[in-house]
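Single-structure report; data block below.
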There are 2 protein chains.
Amino acid sequence: MALGKDYVAQECSIARALEVIGERWTLLVVRDAFYGIRRYSDFLGHLGLPRAVLATRLQALERAGVLEKRRYQDSPPRDEYVLTDSGIALWPILRSLSVWGTAHVAGTKRLRVFTHADCGTELGSYGECPACSTAVPPQDVEMLPGEGLDPEPSDPVSRALLRPRRLLQPLEADRV
Amino acid sequence: MALGKDYVAQECSIARALEVIGERWTLLVVRDAFYGIRRYSDFLGHLGLPRAVLATRLQALERAGVLEKRRYQDSPPRDEYVLTDSGIALWPILRSLSVWGTAHVAGTKRLRVFTHADCGTELGSYGECPACSTAVPPQDVEMLPGEGLDPEPSDPVSRALLRPRRLLQPLEADRV
DNA sequence: CAGCGTAGGTTCATTCATTGAACTCAAATC
DNA sequence: GATTTGAGTTCAATGAATGAACCTACGCTG
């Protein structure tokens, strides 16, 4: 988001946050990173966005310190994009967006259910566990498919995401 | 956000939420509504966005049921835009964005401080009161200027917002 | 009552971002 | 040697954002 056109005039931490994660597709890339997606081609296949936009977003998120690019093999050279601590701190934002979307956008069924892995209780509005009354870190969140989800999606990433899984757990582990 | 270019392929409540509030400027309009701004000209002066964009956003938010347009005088006819219950439910999203922006975007000082009006305690990350351990509804949130804020802003709306005030309280009440 | 001011918009040309398709490049595999 | 695969970059066409100017209905002032 560039100059004059950016939110620079805004003395506001919300505006600053939106400078980083407010562009089109950006938060969906971050969401996918929470789902365990780490590779360019998996983001591409799952999000269905233009390659050029994905490359731009990944670079911007890396520069902002939300994602870290790391080499996972040398020959051929391949990199993966992993959430940093700063990126993991975005979880409450995604959680509150998801809660609001389910409750207030017409026709949104429960598509995914998030539970506290330790006790199986469904998370509250802020991502806390009502039973244990603690904030649940994303590592301890279990994601389960909800009723509204297509049971036979065409792309392999969506198919892998139909299985219950921990947030942040790399997708490679249980690829079909 | 139109077709093919929208997030329709995404079976995801986050994507649905972003369809409504994910466009440029939209969340800042909503933020201003929480600050008590209700009139076209006040949004315009405070946000500094093009009039055409403001008109488009206000209409979209009204259609989505986030804002309600209501006539507050008949001659000349004047309308104001007020948050609906669905709009007020966006508060946790704004709160978590603000917390993340302050903590993780370089150089962001505390610009505004939010406290539980009943007890004066500063809100926690999710907008809860650590002292009373309850979620604080925006009506009960007091907003105070932080250190990083310009003490002599040029536009009258920013000047009015330097005073401590309740969220959602109409700005007209204490206009300078 | 003529002229000016004001709130709340539209319209318009220019600039900028997004899209979708095609192209590149290096390494691995057939 | 030919093909495939991952990870990009380049490019023309489309769509959205910007900033300025214009419009309209009403109220106010002299």
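Below, chain A is the first sequence line, B the second, and so on; all start at residue 1.
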Self-check item: Arg71(B) CZ - dA25(D) P separation (whole Å)
Solution: 14 Å
Quiz item: Is the shortest side-chain N/O distance from Tyr81(B) to OP1 or OP2 of dA7(C) below 4.0 Å?
Solution: no
Quiz item: With sugar-phosphate meaning primed atoms plus P, OP1 and OP2, does Phe43(B) contact a base, only sugar-phosphate, or nothing at under 4.0 Å between heavy atoms?
Solution: nothing
Exercise. Give the nucleotide from the list dA28(C), dA17(D), dA7(D) with an atom nearest to the side chain of Pro76(A).
Key: dA28(C)
Practice problem: Could you check which of dT18(C), dA17(D), dG9(C) has an atom nearest any side-chain atom of Val53(A)? | Solution: dT18(C)
Quiz item: Would you find more than 12 non-hydrogen atoms of other residues, nucleotides or ligands less than 6.0 Å from Glu152(B) atom CD?
Solution: no
Quiz item: Are Tyr126(A) and Leu123(B) in one and the same hydrophobic cluster, where Ile, Leu, Val, Met, Phe, Trp and Tyr link if side-chain heavy atoms are under 4.5 Å apart?
Solution: no
Quiz item: Can you check the Glu19(A) CD to dA17(C) P distance for me, whole Å?
Solution: 12 Å
Exercise. Return no unless some side-chain N or O of Ser41(B) is found under 4.0 Å from OP1 or OP2 of dG8(C).
Key: yes
Quiz item: What is the distance, rounded to the nearest whole Å, between atom CG of Leu54(B) and atom P of dA7(C)?
Solution: 14 Å
Quiz item: How many Å lie between CG on Leu58(A) and P on dT9(D), as a whole number?
Solution: 11 Å
Practice problem: Could you tell me the separation between the CG atom of Leu171(B) and the C1' atom of dA7(C), rounded to a whole number of Å? | Solution: 16 Å
Practice problem: Please tell me which of Ser75(A) and Thr56(A) maps to the more 5' nucleotide of DNA chain C, matching each residue to the nucleotide holding its nearest heavy atom. | Solution: Thr56(A)
Exercise. Write down the distance between CZ (Arg57(B)) and P (dG8(C)), rounded to a whole number of angstrom.
Key: 19 Å
Quiz item: Does any N or O donor sit under 3.5 Å from an N or O acceptor when you compare the side chain of Arg51(A) with the base of dA7(D)?
Solution: yes
Practice problem: For Lys69(A) and for Leu49(B), locate the closest nucleotide of DNA chain D by heavy-atom distance; then report the residue assigned to the nucleotide nearer the 5' terminus. | Solution: Lys69(A)
Quiz item: How many Å lie between CG on Asp42(A) and P on dA7(D), as a whole number?
Solution: 8 Å
Quiz item: Atom CG of Leu44(A) to atom P of dA7(D): distance rounded to whole Å?
Solution: 10 Å
Quiz item: What orientation do Phe34(B) and Trp91(B) show, parallel under 30°, tilted 30 to 60°, or perpendicular over 60°?
Solution: tilted
Exercise. May I ask you to check whether Arg38(B) and Tyr72(B) show a side-chain donor-acceptor distance below 3.5 Å?
Key: no
Exercise. Tell me which of Ala52(A) and Arg78(A) sits closer to the 5' end of DNA chain D, going by the nucleotide each one is nearest to.
Key: Arg78(A)
Quiz item: Is the distance from OP1 or OP2 of dA17(C) to the nearest side-chain N or O of Trp25(A) less than 4.0 Å?
Solution: no
Quiz item: Taking for each residue the nucleotide of DNA chain C with the nearest heavy atom, is it Asp74(A) or Pro50(A) whose nucleotide lies nearer the 5' end?
Solution: Pro50(A)
Exercise. For the residue pair Trp100(B) and Leu97(B), establish whether any side-chain heavy-atom pair is separated by less than 4.5 Å.
Key: no
